[in-house]
Amino acid sequence: MIKGFETELKVPPPPPADFKRREVATKGLAGKGNLKNPKITVVECSDFDCPFCKRGADTVAQIVKEYGDKVAVYFRNYPLPMHKMAEPAHRAGVAAQNQGKFWEMHDLLFADKTKRSDEDFKAYAQQLGLDLVKFERDYNDAATAQRVKDDMAECGKMEVRGAPGFLINGRLMSGAQPIDRFKAVFEEELNGGFEATQKKEKDAAAKGGAPAKAPAPTPAPAPAK
């Protein structure tokens, strides 16, 4: 009887990204990589105070280095309600973006989430050589706060339910996934996307090969942490 319970039920893992194409806007977002004609566009919905977002950002940086000019990465502000000092940090990021230094501020904000006072943000701005008067004005501007809210709403519209969320050519990948799962999606996209994969399976089935595999169900986004 004990041996009978030793059989392991093998369940295939969920796909790293779902099988849906969304129209993802990038106008006005901070971006890096090949912003003119990339083969893969990643929009990252992220929270500067979320440790999983930091891990996800590091993974994306690795991916960009490996895939070079095939990739463009854009950032959307997605501060979670439970992180009380995240929203001011995102306003600091927007204020730095207004002076062309978003990614530099992005790295500083992720590096130490204990530094979240107005004075800390001003010190970062000074370190980056920003115009401090303009930085403070933009940081405190109602339009900057609204920009953060608009980004959050757009992420929600794209079905992001936790942080981080990555829209890869419009396909949603939820959570700080291992780099191999990012690469699996990237390679599929470079080879025609999940549509091409499904077509090959159907063609094989039509020719008497192995039955076409049904698309795996879209995984539920991981809860925000």
Side-chain angles (χ1 to χ4, degrees), residues 26 28-33 42-66 71-156 160-167 173-179 181-182 221-225:
T26 59
L29 301 183
K32 63 181 176 180
V42 180
V43 175
E44 178 181 358
C45 292
S46 190
D47 174 345
F48 286 128
D49 280 5
C50 166
F52 298 100
C53 293
K54 171 66 166 68
R55 191 186 310 166
D58 291 344
T59 301
V60 168
Q62 288 180 259
I63 289 287
V64 169
K65 284 183 180 179
E66 184 164 336
V71 182
V73 175
Y74 294 91
F75 187 94
R76 274 204 186 277
N77 299 284
Y78 194 63
L80 299 174
M82 72 274 293
H83 297 146
K84 301 303 181 184
M85 295 307 297
E87 191 274 347
H90 284 271
R91 285 192 281 119
V94 173
Q97 182 187 346
N98 291 345
Q99 297 190 51
K101 293 283 188 177
F102 171 79
W103 293 105
E104 292 84 350
M105 181 66 81
H106 165 284
D107 293 346
L108 291 173
L109 292 169
F110 265 132
D112 188 352
K113 65 179 183 178
T114 67
K115 294 185 177 180
R116 289 294 183 262
S117 70
D118 291 354
E119 291 304 313
D120 289 328
F121 298 142
K122 285 167 60 179
Y124 282 155
Q126 187 170 25
Q127 180 179 334
L128 297 176
L130 303 183
D131 178 330
L132 294 183
V133 173
K134 177 173 172 50
F135 175 83
E136 286 191 74
R137 183 173 65 245
D138 290 350
Y139 170 72
N140 291 302
D141 194 336
T144 300
Q146 187 60 49
R147 162 69 186 277
V148 174
K149 290 179 181 178
D150 290 346
D151 272 7
M152 293 173 68
E154 188 64 22
C155 289
V160 174
R161 297 291 179 265
F166 303 92
L167 294 149
M173 172 186 277
S174 298
Q177 302 275 2
I179 193 168
R181 288 174 73 77
F182 274 92
K225 295 183 179 179

Is it the case that over 12 heavy atoms from other parts of the model lie below 6.0 angstrom from the [atom1] atom of [X]?
{"X": "Lys115", "atom1": "NZ", "answer": "no"}
{"X": "Gln146", "atom1": "CD", "answer": "yes"}
{"X": "Lys134", "atom1": "NZ", "answer": "yes"}

Is any side-chain heavy atom of [Y] closer than 4.5 Å to one of [X]?
{"X": "Asp47", "Y": "Phe52", "answer": "no"}
{"X": "Leu80", "Y": "Tyr78", "answer": "yes"}
{"X": "Cys50", "Y": "His83", "answer": "yes"}
{"X": "Gln177", "Y": "Thr59", "answer": "no"}
{"X": "Val42", "Y": "Ile63", "answer": "no"}
{"X": "Leu130", "Y": "Tyr124", "answer": "no"}
{"X": "Arg147", "Y": "Asp151", "answer": "yes"}
{"X": "Phe48", "Y": "Arg116", "answer": "yes"}

* Which is it for Asp58 and Lys54 under the salt bridge (charged side-chain N to carboxylate O under 4.0 Å, His left out) test, yes or no, and what are the steps along the way? -> CA-CA 6 Å; Asp58 291 344; Lys54 171 66 166 68; 2.8 Å; yes
Can you measure from [atom1] ([X]) to [atom2] ([Y]) and round to the nearest 0.5 angstrom?
{"X": "Leu109", "Y": "Ser46", "atom1": "CG", "atom2": "OG", "value": "11.0 Å"}
{"X": "Lys101", "Y": "Asp107", "atom1": "NZ", "atom2": "CG", "value": "11.5 Å"}
{"X": "Asp120", "Y": "Asp112", "atom1": "CG", "atom2": "CG", "value": "8.0 Å"}
{"X": "Glu87", "Y": "Thr144", "atom1": "CD", "atom2": "OG1", "value": "9.5 Å"}
{"X": "Arg181", "Y": "Ile179", "atom1": "CZ", "atom2": "CD1", "value": "13.5 Å"}
{"X": "Phe75", "Y": "Glu44", "atom1": "CZ", "atom2": "CD", "value": "6.0 Å"}

Could you tell me which non-hydrogen atom of [X] sits nearest to which non-hydrogen atom of [Y], and how far apart they are?
{"X": "Ala30", "Y": "Phe102", "result": "CB-CD2, 3.3 Å"}
{"X": "Pro51", "Y": "Lys113", "result": "CD-NZ, 3.9 Å"}
{"X": "Ala176", "Y": "Gly56", "result": "CB-N, 4.1 Å"}

* Asked: Does Gln99 reach the main-chain N or O of Asp131 with its side chain, forming a donor-acceptor pair under 3.5 Å?
  ->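 Looks like yes, one N/O pair under 3.5 Å.
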* Got a donor-acceptor contact below 3.5 angstrom from the Gln97 side chain to the Met105 backbone? ->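 Here the side-chain-to-backbone pair does not exist.
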* **Option from Asp150, Val160, Leu29 for which side-chain contact (heavy atoms from CB on, under 4.5 Å) with Arg76 holds** =>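 Among the candidates, only Leu29 passes.
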* side-chain hydrogen bond (donor to acceptor under 3.5 Å, both in side chains) assessment of Asn77 paired with His90 -> CA-CA 6 Å; Asn77 299 284; His90 284 271; 2.8 Å; yes
* To do: Give the intermediate values and the outcome of side chain to side chain contact (heavy atoms under 4.5 Å, CB included) for residues Arg137 and Val133.
  => CA-CA 6 Å; Arg137 183 173 65 245; Val133 173; 4.0 Å; yes
* Asked: Is the Tyr139 ring parallel, tilted or perpendicular to the Phe135 ring (thresholds 30°, 60°)?
  ->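 Rings of Tyr139 and Phe135: parallel, as their planes differ by under 30°.
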